[in-house]
Structure formats: C-alpha cells, structure tokens
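Positions are given from 1, in the same order as the sequence printed here. Whatever order the structure lists ligands and atoms in, that order sets their numbers, starting from 1. Just so you know, these numbers come straight off a predicted model, no measurement behind them.
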Amino acid sequence: MRKPAINRRLFLKAAGAAGLAAIPAVVGGYSLLRTAQGELPPVGSPYVDAADLERFNALASAPLLLVLPEQSANPHRAYLAEILRAEGLNAFHARTTAETDWSALDRYPVIVLAEGAFSREQADRLGAYVQQGGRLVAMRPGPDLDAVCGLEPAGGVTADGYMAGDPSAAGLGLPAAALQFHGEADRRRLAGAEPVAWLAAADGARSPYPAVTRHRFGQGQAVAWTFDLARSVVLTRQGNPAWANQERDGRAGVRANDAFVDWIDLDKIALPQADEQMRLFSRLIAAALSDALPLPRLWYFPAGADSLLIATGDAHDATVAAIEDVLARVENYGGRLSVYYAPSLNDDLRRALKRARGLVGDLPGVGETLRGSRPAPADIRRWLARGHEFGLHPYVEDGLEPGWARYWQEFTGLGYGPVSPTVRTHRILWNGWSETARVQASHGLRMNLDFYHYGTAFQKPDGAWVHGHFTGSGLSMRFVDEQGRLLNIYQVLTQLVDEHLMKMPWGGGWPDYSVDQALEVSRVMLARCAEGGYSALCAQFHIDPFALGGEWQARFGRWLEGTLAEAAQRGFPIWSAYQWMRFVETRQAAVFDQLLWDAAAGQLTFTLDAPAAADLVLEVLLPAQAGARTLETVAVDNQTTPTRPRTVSGLEWAALPVTAGRRAVVARYR
Ligand SMILES: [Zn+2]
C-alpha cells in the first residue's frame with residue numbers, strides 16, 4: 001500500500017474545519033486515512049479452467065457426445081459446448097478425438113462433431129454408428145462423411161453470407177427472413193439429403209447450395225451444417241476480429257459497436273440471428289430424438305418468464321436523492337436496478353474526509369450539509385439490502401489498466417466495496433477484440449455490459465433508425481478470445497439506451513425521439529421478446545437526468561416508467577445485472593445426471609444438479625410427447641408438480657419449475 005500523502009495532524013485539522021472533528025472514527029483519523037486510500041484490483045486468471053467442463057465429463061452417462069478434433073484451423077470450434085449450455089442441453093460429454101472411445105459410440109443417442117479433421121477410420125466408425133441408428137450432427141463435415149450426410153462437393157466456399165429456411169422445414173421455427181452467418185460455408189450439393197436451410201441472398205433468394213441438411217442413413221440420421229455454427233455465433237456476437245481497435249462509426253472513441261459497422265445487416269437487426277440459429281441446432285436434436293428419448297433441457301430464463309428485462313443506470317457522481325428517486329420507481333414495478341457509479345476522483349485527504357462524512361451520516365439527526373449529498377457506505381448497504389446492485393463505472397480514457405486501478409481505488413477507498421462483479425465502462429470504450437473482457441475477467445468481473453446500441457451507425461441510408469440486437473443475440477454467453485480461450489465473463493448486450501434514443505444534457509439522442517417515440521421502441525422490442533425473440537433485454541436508464549430535476553427528470557422518468565410498465569405487464573422479471581448473472585451462472589453449472597428413459601414403462605427419471613440457491617427457480621422443459629406417448633405427471637423430489645405448456649420453435653414442451661439445488665425428477669408418459 002502507498003504511504004499516505006498526508007499525515008494525521010493535517011487530516012484532523014481538515015476534519016476540524018469541516019465540522020467533523022468530534023466523531024470518534026475521525027479522532028482515530030490515521031486508520032481512516034489508511035482505509036480511505038482504497039485497494040488495487042485483484043489480478044487472477046481471466047480464463048475458464050478445466051474444472052468448468054468437469055461437471056459434465058464426470059457424468060457416468062450422457063445422451064450427447066461432443067467430439068472436438070485436435071486438428072482444426074478453426075480456433076472457435078469448442079464454443080459448441082457453450083452453445084449446448086446456452087440451449088440448456090446440459091447433459092453431454094465433451095471429448096477430443098483422442099479421448100473418444102471410438103468402439104463405444106453407440107452409448108450416445110446423439111453425437112455432435114465440431115469442425116476439424118477426422119481420420120478415415122473415425123469417419124467409418126461414425127458411418128457405422130449412424131447406420132445402426134445413431135444421430136449425428138456435424139459442423140462442416142469433410143468428404144469422408146459425404147455418404148453419411150447425403151452431400152457431394154460442389155467446390156468453393158461462401159463467406160459471411162445468409163441462410164434461409166427451406167419451406168419444407170417451416171415447422172422447425174426458423175424465421176421467414178434470411179439470417180446472416182459469419183465465417184465460411186462449404187458449397188455442397190444435395191445427394192440424398194433433405195434441405196433444412198439454404199445459403200441465400202439477403203432477401204432470401206436461395207443459392208443451389210444447402211446451409212443445413214438432414215439425411216436418413218441406414219437406421220439413423222445425419223444433420224450437417226455447411227458452415228460452423230460455433231464460429232459463426234462467436235463472430236456474430238463479438239464482431240469482426242480484423243476490425244479490432246478501428247474507429248468505424250465516426251464517433252470519437254473506439255467502442256465495441258465499431259466492429260459491427262458493415263458487419264450487422266441493419267435490415268436484420270430486429271432478429272436475434274445467432275440465437276435463432278442456435279435454436280435451430282437444438283430443435284434438430286430434439287427432432288432427431290423424437291421417437292427415441294424425451295430429452296429434457298433448461299429454459300433460458302427463470303421459471304415462468306418468456307423473457308426478462310435487465311435494468312441498469314449509469315451514474316456520474318450522482319446524489320443519493322437522484323439514485324433513490326430511480327430505485328423507488330423501479331421498485332414500484334417489482335424491479336431491481338444495477339447502478340453503475342463513477343465517483344468523482346479525490347486525493348487521499350478529500351477521500352478521507354468524504355469517508356468521515358459518511359460515518360457522520362449514519363448518526364441520527366445529521367443534515368446533508370455536514371453529511372454530504374453523495375452516497376455513503378451506509379446508503380449502499382441499504383440499497384443492496386433492498387436487492388439492488390451498486391457497481392463500478394470506470395473511466396478508461398487514459399488506458400484500461402490505469403483506469404481500472406484508479407477507479408477501483410477510489411470506489412473502495414470511499415467504502416463502496418467490495419466491487420460488484422458486473423460492469424459497464426464509461427463511454428463504453430473497448431480495447432482489442434476481447435481485450436477489455438480479458439482485463440475485466442482478470443480483476444474478477446463476471447459480466448460485461450459494454451456492447452451498447454448507440455450512435456449514428458444505426459441509421460440506414462434511407463434515414464430510418466433501426467433497433468434490435470446488433471450482436472445477433474438476446475442471450476448472455478461467455479466471451480472467447482481470438483485463440484479460442486474461453487473468458488470467465490459473460491457478455492450482455494444493452495439494446496435499449498436512453499442517450500441513444502433521446503437528447504441528453506451532454507448530447508447524444510441522434511434519432512431525437514420524443515418520449516412517446518422512445519416508448520414505442522421499448523414496446524416493440526419487448527413485444528418481439530414475447531413473440532419468439534426470447535431475450536434478456538437490457539436497458540440503460542441514466543441516473544443523471546433525475547439529478548437535474550425539472551423537464552429532464554420528467555422526460556426520462558416517463559420513459560423509465562413506461563418501459564418498466566410494459567415489461568411488468570408482460571410478466572417479464574425486471575432484474576439487476578447481478579441477479580441475472582447469478583441466474584446465468586447457476587443455470588450454466590446445472591447438469592442433468594442419471595438420465596434414464598424406460599420406454600416400455602414410459603418413465604423418464606433424472607437428477608437436475610445445480611448449485612443450491614433458494615431464490616433461483618430454473619425451468620426444465622420436458623417434451624410434451626415421447627413417440628406416441630403424452631406426458632401425464634411430473635414429480636420433483638417425490639412431490640407432484642404442475643407444469644405449464646411452452647411452445648418453442650414449433651415444438652410443445654411442459655415447463656417445470658425447479659428450485660436450484662439437487663432435485664430428483666420423475667416424469668410419466670402414457
Ligand atoms: Zn458514463
């Protein structure tokens with residue numbers, strides 16, 4: 001720790017001048033001075049460690065095997081494991097080709113092949129597996145699997161194109177509009193396979209080359225993707241790596257959204273394009289298993305919720321009164337807020353005096369003059385007790401590491417710590433392709449909200465403004481770096497941004513919407529969430545206009561409350577980012593263990609093993625049909641538990657609420 005820049009005598013003199021000298025903690029001023037210096041951020045590994053997949057690989061048996069080839073030019077092939085978990089298929093073994101027991105493939109009802117090289121012998125084994133009734137899902141399968149997949153080479157590739165559903169596959173839930181993919185697709189022709197989707201033009205006009213196919217082969221089935229879904233999802237979510245650190249949207253400061261200018265097709269932004277493709281992936285697995293195994297999965301959101309609103313508010317040196325104003329309004333709609341707070345920077349003496357004022361503020365009958373108008377540690381404790389989050393909003397104009405060090409020190413020195421594990425950076429400045437995520441993860445941050453719908457790049461040439469998911473996603477998944485290393489921090493897109501939609505005291509508001517127009521954007525986005533674009537929609541409600549009062553407070557208060565009312569009316573939980581992070585991490589760690597389907601008796605049994613959390617209720621989706629049988633009753637820990645119907649991608653499910661923990665489930669079909 002640094003030596004304090006001032007001594008106890010000077011501090012007591014200053015405290016006396018501020019009228020604080022009578023407080024015992026101030027009299028013991030030297031220790032206060034020490035504490036008020038704050039801490040530096042911890043530094044640890046930013047990467048997800050091997051133990052993360054151990055929960056899955058340790059399962060005695062699993063319905064899915066993910067095979068990861070050692071040889072591959074694609075660094076993001078292993079992201080398929082993240083896609084399986086995002087889709088709630090939390091019951092798989094992930095094995096390299098060397099770890100795979102090639103003589104016992106038939107233990108798995110479904111095998112998913114990541115992109116890469118398989119030997120002739122391995123391809124033959126996979127062919128025999130499908131021949132005998134296995135179900136294969138392959139990313140960019142090589143020529144050795146052509147016969148199994150019912151494809152033949154056409155030569156060449158299509159890069160960064162579109163895919164459009166085949167009319168015969170309409171029941172699989174793909175949107176009617178063509179969807180973007182990123183990376184390369186192999187040009188293939190059908191040679192027995194049935195088309196699910198085609199490589200296409202932006203307007204949906206089909207090329208002769210399929211994007212996704214299904215093929216009956218022997219007793220089994222092979223699904224093929226001619227591009228790698230994993231790489232496409234990564235590039236769609238995180239932008240073009242070749243454009244990292246480039247200023248591309250014409251607004252000073254490199255932000256995460258700069259890597260999406262001319263990457264996201266603005267005509268497609270309303271759709272969560274990457275999520276729709278992940279849903280097709282899991283839908284095809286469910287379809288392949290339909291007469292063999294009613295495979296349960298986890299819904300994306302807390303039990304009963306079609307979607308969710310994450311409420312956040314950046315706050316720049318905001319007062320207690322302004323923060324209280326916003327928190328109270330959010331609470332009126334049953335919600336909780338993440339406040340991302342940027343304190344003004346102080347030298348050690350001024351920070352120590354602020355600390356002393358905070359202590360005074362805890363005493364009865366002390367007015368604001370003495371106590372100060374800015375948050376004291378006791379204010380923050382009260383807000384946390386009410387379920388809100390109080391996180392850091394660092395300035396990184398002078399560099400990522402120096403910015404984090406300086407703001408961490410200020411935040412903790414003011415007694416605002418421990419630093420909350422979710423964050424939005426001031427001005428959402430972004431370094432590298434994933435560098436900001438790496439640095440934040442190394443400091444123990446676990447959720448990032450810097451991908452932010454903001455600026456003039458979201459206006460089309462015809463003048464129209466677009467709103468939606470520029471990362472192609474309303475779901476929170478972990479960042480990955482250029483080498484394919486998974487970072488221990490989740491990405492949350494902020495789709496609804498007050499300072500983008502409406503003029504702020506500091507500018508912004510390029511579309512220059514009225515409150516009613518901005519509210520219409522909220523309504524349309526929330527409606528899409530309920531109509532198949534399932535999302536954790538994140539909104540930015542700056543605290544600052546509420547500190548200004550008058551017209552600013554009135555305008556932004558109306559937009560805040562109108563947006564909250566719309567979400568509440570749709571039954572969407574309104575959560576802080578911290579609450580959402582806890583849910584996402586718990587769901588991510590959950591596994592379906594001891595999964596057993598007794599086809600003769602029509603009984604499905606499994607244990608859902610999730611980290612225990614009494615306040616988090618996961619939703620398990622059980623197929624409503626298992627072959628000719630229909631789901632009749634479900635028991636959780638021997639208690640009969642009602643389900644409610646949920647239709648996803650044209651398939652009927654029974655939605656079962658399960659409190660996070662280790663729960664035994666028995667489902668009876670007849
Ligand atoms: Zn800011």
Side-chain angles (χ1 to χ4, degrees), residues 41 247 249 251-258 310-320 322-323 325-327 330 337-346 373-375 380 383 388-411 414 416 419-431 436-437 439-440 443 445 447-456 458 491-510 518 538-548 552-553 555-556 559-560 576-578:
E247 178 54 74
D249 76 346
R251 306 224 65 78
V254 176
R255 299 182 175 79
N257 60 284
D258 276 301
I310 303 169
T312 68
D314 295 356
H316 307 85
D317 193 31
T319 61
V320 171
I323 294 170
D325 182 4
V326 177
L327 295 184
V330 173
L337 185 82
S338 289
V339 177
Y340 293 116
Y341 196 81
S344 60
L345 296 179
N346 299 285
S373 59
R374 299 307 188 270
I380 290 160
W383 295 332
H388 301 287
E389 177 180 20
F390 194 82
L392 181 50
H393 184 59
Y395 285 49
V396 296
E397 276 79 353
D398 297 331
L400 201 48
E401 300 275 14
W404 270 96
R406 186 67 190 86
Y407 275 84
W408 194 289
Q409 184 198 11
E410 188 68 39
F411 197 84
L414 288 167
Y416 293 173
V419 174
S420 200
T422 83
V423 67
R424 185 181 293 118
T425 308
H426 177 61
R427 294 179 61 217
I428 41 154
L429 298 178
W430 189 260
N431 287 40
T436 292
V439 168
Q440 292 180 354
H443 294 332
L445 278 298
M447 187 166 265
N448 171 287
L449 290 84
D450 286 339
F451 286 64
Y452 189 82
H453 190 106
Y454 166 96
T456 44
F458 295 107
Q491 176 196 34
V492 170
L493 172 65
T494 308
Q495 294 95 335
L496 284 171
V497 174
D498 54 5
E499 65 176 323
H500 174 74
L501 299 170
M502 294 178 287
K503 286 260 180 292
M504 275 285 179
W506 53 82
W510 297 279
C538 180
Q540 161 77 294
F541 306 114
H542 274 95
I543 305 291
D544 308 70
F546 295 84
L548 294 173
W552 292 111
Q553 183 185 29
R555 275 165 61 79
F556 286 87
W559 187 66
L560 165 68
S576 72
Y578 180 73

Around the Zn ion (ligand 1), how many protein N, O or S atoms are closer than 2.8 Å? 3

Evaluate the ring planes of His316 and His542, with Trp represented by its six-membered ring, and classify them as parallel (under 30°), tilted (30 to 60°) or perpendicular (over 60°). parallel

Anything under 30° is parallel, anything over 60° is perpendicular, the rest tilted; go ahead and classify Phe458 against His500. perpendicular

Partner residues of Tyr340 under the ring pair (Phe, Tyr, Trp, His ring centres under 6.0 Å) criterion, sequence neighbours left out: none

Working note: Cys538 + Arg424, criterion side chain to side chain contact (heavy atoms under 4.5 Å, CB included); need CA distance, chi angles, decisive distance, verdict. CA-CA 12 Å; Cys538 180; Arg424 185 181 293 118; 3.9 Å; yes

Strictly distance-based, threshold 3.5 Å: is any side-chain N or O of Asp249 a donor or acceptor partner for the main-chain N or O of Asp258? no

Whether Thr494 side chain and Gln540 backbone form a donor-acceptor pair below 3.5 Å: no

